[in-house]
Number of protein chains: 2
Amino acid sequence: MAIERRPLREQIRDELMLRLGRGDFAADTDINEAALAGELGVSRTPLREALITLAGEGVLQSNQGRGFRFAPVSRQEFRELCDIVAALEALALRRSDPAYLERAAPQLLRLAEEFTADVAERQHIEHHDDEWHDLLLGGCTNERLLDLITSVKAGMRRYTHLLSGETTLMERAAEEHRRIAERLMAGDLEGAAEALRDNWVNGMERMISQLP
Amino acid sequence: MAIERRPLREQIRDELMLRLGRGDFAADTDINEAALAGELGVSRTPLREALITLAGEGVLQSNQGRGFRFAPVSRQEFRELCDIVAALEALALRRSDPAYLERAAPQLLRLAEEFTADVAERQHIEHHDDEWHDLLLGGCTNERLLDLITSVKAGMRRYTHLLSGETTLMERAAEEHRRIAERLMAGDLEGAAEALRDNWVNGMERMISQLP
DNA sequence: ACTATGAATTTTGAATACAAAATATTACAT
DNA sequence: ATGTAATATTTTGTATTCAAAATTCATAGT
């Protein structure tokens, strides 16, 4: 058996992202390092390392002498992030192995259709959406780009949980996923990339109307 | 007078990037934390924080139990990075305030021409190039995008110092800078964005031929 | 009652100490 | 001489301690 041995800072980072996704942390609120470390059962050192990592990804802000806090949310920033991810994912799609896309297209289409029917709770849906995008970009040959997308998406996690299970949003998204998959089935990469951009831009506008 | 008070980790990060730009660190070599901390006159704690930040930016790799090392260079990764920065800077240009670009265009053109004449040493040229791109994107309204570009470019710093003062490379770059500025003078944003992409793609191919 | 000033407390930032893992060295056997 | 096992040393990963900054609280003055 291969026992897991990862640095604590990474495990902590993951745990914090999980809690963030559950909406455990109020935005724009200071983090008490000692309290959080105690709660997680670790010392402040690896916790601070995780916090610094998250600050680098834009999830947290750090102020000299005042420690870390979850960055405040704003429609403006959400727009900026969507704009970035749209461009990056479109690029990733264009840099993907065509053979991979051909293979993945039917599966992507099937998942998009399952998605429409799925009436599971919000968190499950989010996971489903992430998985779909991962599958879509699984054939991208630019490793650095994939890492970057993961990192930028982490910064968006502060927003996703704010959008309480609006099933209409999700159904629209599923529809767009299907459009993307269909373009891929037709071998129309450029069309798929365009549809992918639309997916982000539309999703953005839909979601923004739900924010504070 | 406003005295500067930044966290040590940031100052250390900047110093390490400076040294990296000077070629002080051999790529693919382990970093000895105690030794480096001693050299910098700080303790291991803020040094490690800086190292973790740099690892997040892709400048360093970290391996469990083996610490940090400067990531190895490869043509493949350099291509990936150029591809990403090209897309991001083009996006930033498209998201810039047109009024700003109109104002900046003459200055960009002038700088590009000075650049051609400039026969200063490599490091100075690099700085000049950075400044030019900063001025070019200074009107971008997407703050997150600008941060991201800075971060990705940091990851490229490992490569720039490998390209020993090839003046022909620089002259070609200056020519392309002029082309971009000219498009902006003509109010042709899309043409400028295209020229910017070309600048990166051509620069990449030119540089790659110089790498190990 | 409200503000301003200063001490007490809390919290972060940085250094040091300790534990565990990895690397290097030595001793030994083939 | 070469390879392997045991041990010593180094180095990282984590915890703890200390110092400095920020915050809170109390008190005095208006």
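All chains are named by letter (A, B, ...) in the order of the sequence lines, taking the proteins before the strands, and each is independently numbered beginning at 1.
Put simply, CG on Asp30(A) is 15 Å from C1' on dG13(C), counting in whole angstrom units. Between Leu47(B) atom CG and dT11(D) atom P there is a gap of 14 Å when expressed in whole angstrom units. If you measure from atom CD1 of Ile31(A) to atom C1' of dT23(D), you get 18 Å, rounded to the nearest angstrom. Whole-Å rounding puts the Glu33(A) CD to dA21(D) C1' distance at 13 Å. In this entry the distance linking CG of Leu36(A) with P of dT11(C) reads 13 Å, nearest Å. Between the CZ atom of Arg6(B) and the C1' atom of dA21(D) there is a distance of 18 Å, rounded to whole Å. Here the P atom of nucleotide dA20(D) and the CG atom of Asn63(A) are 22 Å apart, to the nearest Å. Rounded to whole Å, the distance from CZ on Arg9(B) to P on dG13(C) is 6 Å.
Put simply, the side chain of Ser43(B) and the base of dA14(C) share no donor and acceptor less than 3.5 Å apart. A donor-acceptor contact under 3.5 Å is formed by the side chain of Arg44(A) with the base of dG13(C).
Each of Asn32(B) and Glu49(A) was matched to the nucleotide of DNA chain D holding its nearest heavy atom; the match closer to the 5' end belongs to Asn32(B). Looking at which nucleotide of DNA chain C each of Gly41(B) and Gln64(B) is closest to, the 5′-most match is held by Gly41(B). Map Arg66(A) and Thr45(A) each onto its nearest nucleotide of DNA chain D; the residue landing nearer the 5' end is Thr45(A).
Heavy atoms of other residues, nucleotides or ligands lying less than 6.0 angstrom from CD of Glu205(A) number more than 12. At most 12 heavy atoms of other shown residues, nucleotides or ligands fall within 6.0 angstrom of atom CD in Glu102(B).
The main-chain N or O of Glu77(B) is never found under 3.5 Å from a side-chain atom of Arg144(A) such that the two would form a donor-acceptor pair.
Among the atoms of the strands shown, none is found under 4.0 Å from any heavy atom of Leu51(B).
Taking the six-membered ring for Trp and thresholds of 30 and 60 degrees, His133(A) and His177(A) have ring planes more than 60 degrees apart, a perpendicular arrangement.
For Arg48(B) and dG13(D), the shortest distance from a side-chain N or O to OP1 or OP2 is below 4.0 Å.
Of the residues listed (Arg13(A), Gln11(A), Arg19(A)), the one engaging Glu15(A) in a side chain to side chain donor-acceptor pair (under 3.5 Å) is Arg19(A), and it is the only one.
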